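Values in this document were obtained by computation on a predicted structure and should not be read as measured data. Throughout, residue positions are numbered sequentially from 1 according to the sequence presented.
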Amino acid sequence: MSGKHQHFKGPEVSCCVKYFLFGFNIVFWLLGAAFLAIALWAWAEKGVLSNISSITDLGGFDPVWIFIVTGAVMFVLGFAGCIGALRENTTLLKFFSVFLGLIFFLELTAGILAFVFKDWIKDQLNFFINNNVKAYRDDIDLQNLIDFAQEYWSCCGAHGPNDWNLNIYFNCTDSNPSRERCGVPFSCCVKDPAEDVQNTQCGYDVRLKLELEQQSYIYTKGCVGQFEKWLQDNLIVVAGVFVAVALLQIFGICLAQNLVSDIRAVKANW
């Protein structure tokens, strides 16, 4: 009579979940490193790295901070998720889940508050734009950001071209010696399809003209109103992007938690 041996297979860590989470996070990690590299390169070009105190000298918003914060968050999350999945480290995986959950909660809270306090958000947006109009010539990245926004949304200033009176180079005071006095940046100008090269002096003295005449040369609508209109026109696309990002975050949390459960089950069976 031959003996029969029964082998009981214990719980195992899912290779699919483990390596999918690893692959997903290594891409995330590399993107974060790329963002940080771009930010450091931008600061090096502006001489910030050789004079760290100059970070606080800018009166407006430095767009490089977007890359710094985004890159740092992506790098830390990617590292925790990547190493946690590869080494089956539950501490790093828990950190990844909690950190990602916290970001999701903050995004959700910000969305709700933005909907409830729409007027306050609008006032803050006005203040933000006007504050950066003042600092337009102080930083090349800020200047490029403002120019991009005004060209993309076909607008000029927060509420209109006269907001450029806040800038020392464009204001209409008699004491202003600048050649740009009573003008606006070239990004406010209505594009001439016949011109192959942008005329960077197209905004000179344009605010000395009557308001009806200005409409032939520059955009007269403010960027706050144009941004609101753009949001309304693209509400489905914007909502779709936010939902997609939220689902991706939830999916990442579920994968990490699933992997933690598998690791715990294996350890409990030892």
Side-chain angles (χ1 to χ4, degrees), residues 8-42 61-118 120-121 124-125 128 145 227 230-232 234-270:
F8 295 99
K9 193 176 181 181
E12 295 179 343
V13 174
S14 172
C15 287
C16 290
V17 173
K18 176 179 176 177
Y19 289 108
F20 186 85
L21 190 62
F22 170 75
F24 174 79
N25 278 285
I26 202 165
V27 173
F28 212 57
W29 189 18
L30 291 172
L31 282 173
F35 270 64
L36 287 173
I38 291 169
L40 292 174
W41 170 78
F61 171 71
D62 188 349
V64 174
W65 280 111
I66 296 174
F67 287 89
I68 290 285
V69 174
T70 305
V73 170
M74 290 176 70
F75 187 85
V76 171
L77 270 178
F79 176 83
C82 181
I83 304 301
L86 187 64
R87 303 296 298 170
E88 297 181 8
N89 187 310
T90 54
T91 303
L92 285 176
L93 288 171
K94 285 177 186 175
F95 172 80
F96 172 81
S97 298
V98 171
F99 199 178
L100 200 56
L102 180 63
I103 292 172
F104 174 75
F105 175 75
L106 289 174
E107 289 171 348
L108 187 63
T109 304
I112 293 170
L113 291 176
F115 180 77
V116 174
F117 299 104
K118 285 184 286 189
W120 182 83
I121 294 293
Q124 292 304 306
L125 185 59
F128 176 78
L145 179 64
F227 178 66
W230 179 85
L231 277 180
Q232 291 171 358
N234 298 275
L235 191 59
I236 294 175
V237 175
V238 173
V241 169
F242 276 102
V243 169
V245 170
L247 289 175
L248 201 62
Q249 290 171 327
I250 293 169
F251 182 62
I253 293 169
C254 291
L255 278 179
Q257 288 301 109
N258 192 2
L259 190 54
V260 168
S261 298
D262 284 354
I263 294 168
R264 282 178 175 170
V266 170
K267 287 181 177 179
N269 201 48
W270 286 353

**Asked** Among Phe75, Phe96, Phe22, which one satisfies ring-ring contact (aromatic ring centres under 6.0 Å, His included) with Trp29?
**Response** Phe75
**Fill in**
Interatomic distance, CD1@Ile26 vs OH@Tyr19, rounded to 0.5 Å, equals 12.0 Å
**Request:** I would like to know whether Phe67 and Leu40 meet side-chain contact (heavy atoms from CB on, under 4.5 Å); could you show each step before the answer?
**Result:** CA-CA 9 Å; Phe67 287 89; Leu40 292 174; over 6 Å; no
**Message:** Let's go through Ile83 and Asn89 carefully: what are the C-alpha distance in whole Å and the side-chain angles of both, what is the deciding distance for side-chain contact (heavy atoms from CB on, under 4.5 Å) to 0.1 Å, and is it a yes or a no?
**Reply:** CA-CA 7 Å; Ile83 304 301; Asn89 187 310; 5.9 Å; no
**Message:** Under a 3.5 Å distance rule, please check whether Asn25 uses its side chain to pair with a backbone N or O of Leu21 as donor and acceptor.
**Reply:** yes
**Prompt:** So with a 6.0 Å cut-off around CG of Leu106, is the heavy-atom count from everything else above 12?
**Reply:** yes
**Fill in**
Separation between CG (Leu100) and CD (Gln249), nearest 0.5 Å, reads 5.0 Å
**Request:** Determine the minimum heavy-atom distance between Leu259 and Leu93, stating which atoms define it.
**Result:** CD2-CD1, 3.8 Å
**Item:** Heavy-atom closest pair, residues Leu36 and Gly71
**Value:** CG-C, 3.8 Å
**Request:** Find out whether the Lys NZ or Arg CZ of Lys18 is both under 6.0 angstrom from the six-membered ring centre of Phe20 and within 45° of the ring's axis.
**Result:** no
**Message:** Between Phe104 and Val245, is the side-chain contact (heavy atoms from CB on, under 4.5 Å) condition met? List the steps.
**Reply:** CA-CA 9 Å; Phe104 174 75; Val245 170; over 6 Å; no
**Message:** Let me confirm one number: the SG-CG distance from Cys254 to Leu247, rounded to the nearest 0.5 Å.
**Reply:** 10.5 Å
**Distance, nearest 0.5 Å, that separates CZ of Phe117 from CD of Gln124** = 12.5 Å
**Message:** Nearest 0.5 Å, please: how far is CH2 in Trp120 from CG in Leu125?
**Reply:** 11.0 Å
**Message:** Are Phe95 and Val76 packed together at the side-chain level, in the sense that at least one heavy-atom pair is separated by less than 4.5 angstrom?
**Reply:** yes
**Prompt:** Quick one: CD1 on Ile253 to CG on Leu248, what's the gap to the nearest 0.5 Å?
**Reply:** 10.5 Å
**Request:** Apply side-chain contact (heavy atoms from CB on, under 4.5 Å) to Ile38 and Val64, showing your working.
**Result:** CA-CA 8 Å; Ile38 291 169; Val64 174; over 6 Å; no
